Amino acid sequence: MNKNVFFIVGPTASGKSELAADVTARCDAEIVSADAFQVYRGLPILTAQPDEATLRKVQHHLIGAVSPNEEMSAEKFRGLAVAAIGEINRRGKLALVVGGSGLYLKALTHGLAPLPAVDASLRAELNALSLEELNARLVAVDPSGAEKIDRRNKRRVVRALEIFAQTSAPASAQRREWEDEAADVRGVFVFRDRTELYARIDQRVAQMFRDGVAEEVAGIEDVSKTAEKALGLDQVRQMLDGKITSSECIAEMQQATRRYAKRQLTWFRRQTNFEALNLSLQKDHAAAVDWILQKVLSFAHPLND
RNA sequence: GGCUGGGUAGCUCAGUUGGUAGAGCAGAGGACUGAAAAUCCUCGUGUCGGGGGUUCAAUUCCCUCCCCAGCCA
């Protein structure tokens, strides 16, 4: 990607949205969200979209950009993000990509092999089969590929079979290996000490209920297969159906969000090379904004040109 | 004050007919190439409430003390 882009990535509830908005306000930039669930319209509270004031402060892209009954995918996101970045750059501005969806970010920075779009009925057909049956089929069709993937993970096996069915060639042969580091990709990875991050998550989930998540979820009926995986959607629906109490609902959502944040931290530690910034060690919000801004400016205006 | 249960991992508890202990949950680490807020894998040493006694050996049996819950005064 040879575009004018800077990344701000981090786990949920780390405070990256506020940071990104404040950084953007001080340099000639616009924000492109890399969040797999904030892209959907109609669930601003549940998906913890930035508040109205933040959205108004600087230009945001890909927040509430697709209908909740639409299916999303990493490739679809990549297309939308590349278009948004191109448009921002054409206006002479820097695109600040901010988000926490690891695969979406990687699809954007490292690219994906050209493959046909997902076939929903094929996927449903494969999902109906047992893991044993799926594995047997994969071994028959792509023995070397079968050795490389996690065969206890049904998703992975199904995906490999989907690709074979759609292209008549093994998925492993079409995979485009990702380079360790894309040279022109620059950004920061913000995080916080674990106990502080978890406290912020717990607090934010509790706040969602005061803000009316229950009403928000009750008012939305048609959600796609991908959108319905939004953290908390299932729990809030169970609460609305009277199957669990509101405090059980809150506790379950807090726990699920904590586990999600942990997975994000693993991903960013292992899968990206961005410069790390521990916000727990920063003097205050302004200091963190200054730190990031300095990185952005040194990137946008290299001294050696 | 008396009686009855209990006090074992961060929490809820199991267990050892005496040979220093293990589940669930919480938590931690990891994987990840079009579902990614998804999906999948791995990880259990703790004065077994304190002190004393019996014993080759006590978390287990006995005595005593402390704490918690319930009931009776």
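Keep in mind that what you see is a predicted model, and the values were worked out from it rather than measured.
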Legend entry - Nearest-Å distance for atom pair CH2/P, residues A:W267 and B:rA36: 12 Å
Legend entry - Nearest-Å distance for atom pair CD/P, residues A:Q255 and B:rA37: 18 Å
Legend entry - RNA chain B-proximal residues of residues 137-157 of chain A, any heavy atom under 4.0 Å: A:D150, A:R152, A:N153, A:R155, A:R156
Inset, instruction - Scan residues 34-52 of chain A against RNA chain B and write down, sorted by residue number, each residue with any heavy atom closer than 4.0 Å; if none is found, say none. - result: A:D35, A:A36, A:F37, A:Q38, A:L46, A:T47
Categorize [X] for me: base, sugar-phosphate, or nothing, with a 4.0 angstrom heavy-atom threshold over every strand shown.
{"X": "A:G232", "answer": "nothing"}
{"X": "A:F77", "answer": "nothing"}
{"X": "A:P114", "answer": "base"}
{"X": "A:K229", "answer": "sugar-phosphate"}
{"X": "A:A113", "answer": "base"}

Using atom [atom1] of each nucleotide, how far apart are [N] and [M] to the nearest Å?
{"N": "B:rC11", "M": "B:rG2", "atom1": "C1'", "value": "33 Å"}
{"N": "B:rU47", "M": "B:rA57", "atom1": "P", "value": "24 Å"}
{"N": "B:rC65", "M": "B:rA9", "atom1": "C1'", "value": "26 Å"}
{"N": "B:rA58", "M": "B:rG51", "atom1": "C1'", "value": "14 Å"}
{"N": "B:rC63", "M": "B:rU55", "atom1": "C1'", "value": "16 Å"}
{"N": "B:rU12", "M": "B:rG53", "atom1": "C1'", "value": "33 Å"}
{"N": "B:rG44", "M": "B:rG5", "atom1": "C1'", "value": "29 Å"}
{"N": "B:rG52", "M": "B:rU59", "atom1": "C1'", "value": "16 Å"}

Inset, instruction - Please determine, for B:rA69, whether a Watson-Crick or G-U wobble partner exists with both distances under 3.5 Å, and give it or none. - result: B:rU4
Inset, instruction - Sort out the partner of B:rC25 for me: Watson-Crick or G-U wobble, both distances under 3.5 Å, none otherwise. - result: B:rG10
Considering just the side-chain nitrogens and oxygens of [X], establish if one lies under 4.0 Å of OP1 or OP2 belonging to [N].
{"X": "A:Y260", "N": "B:rU39", "value": "no"}
{"X": "A:R259", "N": "B:rG27", "value": "yes"}
{"X": "A:S101", "N": "B:rA36", "value": "no"}
{"X": "A:R159", "N": "B:rU33", "value": "no"}

Inset, instruction - Would you state whether a donor and an acceptor, one from the side chain of A:R176 and one from the base of B:rU33, lie under 3.5 Å apart? - result: no
Inset, instruction - Spell out yes or no: do the side chain of A:K262 and the base of B:rG27 have one donor N/O and one acceptor N/O closer than 3.5 Å? - result: no
Under 3.5 Å, which donor-acceptor pairs link side chains of residues 228-237 of chain A to any protein atom two or more places apart or in another chain?
{"residue": "A:D234", "atom": "OD2", "partner": "A:Q238", "partner atom": "NE2", "Å": "3.1"}
{"residue": "A:Q235", "atom": "OE1", "partner": "A:G232", "partner atom": "N", "Å": "3.4"}

Inset, instruction - Hey, which sits more toward the 5' end of RNA chain B by its nearest nucleotide, A:E177 or A:R269? - result: A:R269
Inset, instruction - Nearest-nucleotide wise, let me know which of A:A227 and A:R175 is further upstream toward the 5' end of RNA chain B. - result: A:R175
Inset, instruction - Check the geometry between A:W178 and B:rU33 and answer yes if their rings are stacked (centres below 5.5 Å, planes below 30°), otherwise no. - result: yes
Inset, instruction - Quick one: sort the A:F268 and A:F189 rings into parallel, tilted or perpendicular, breaks at 30° and 60°. - result: tilted
Inset, instruction - Search all heavy atoms of A:L197 against all heavy atoms of A:P11 and return the closest pair with its distance. - result: CD2-CG, 3.9 Å
Inset, instruction - Would you check if the side chain of A:D193 reaches a backbone N or O of A:T195 as a donor-acceptor pair within less than 3.5 Å? - result: no
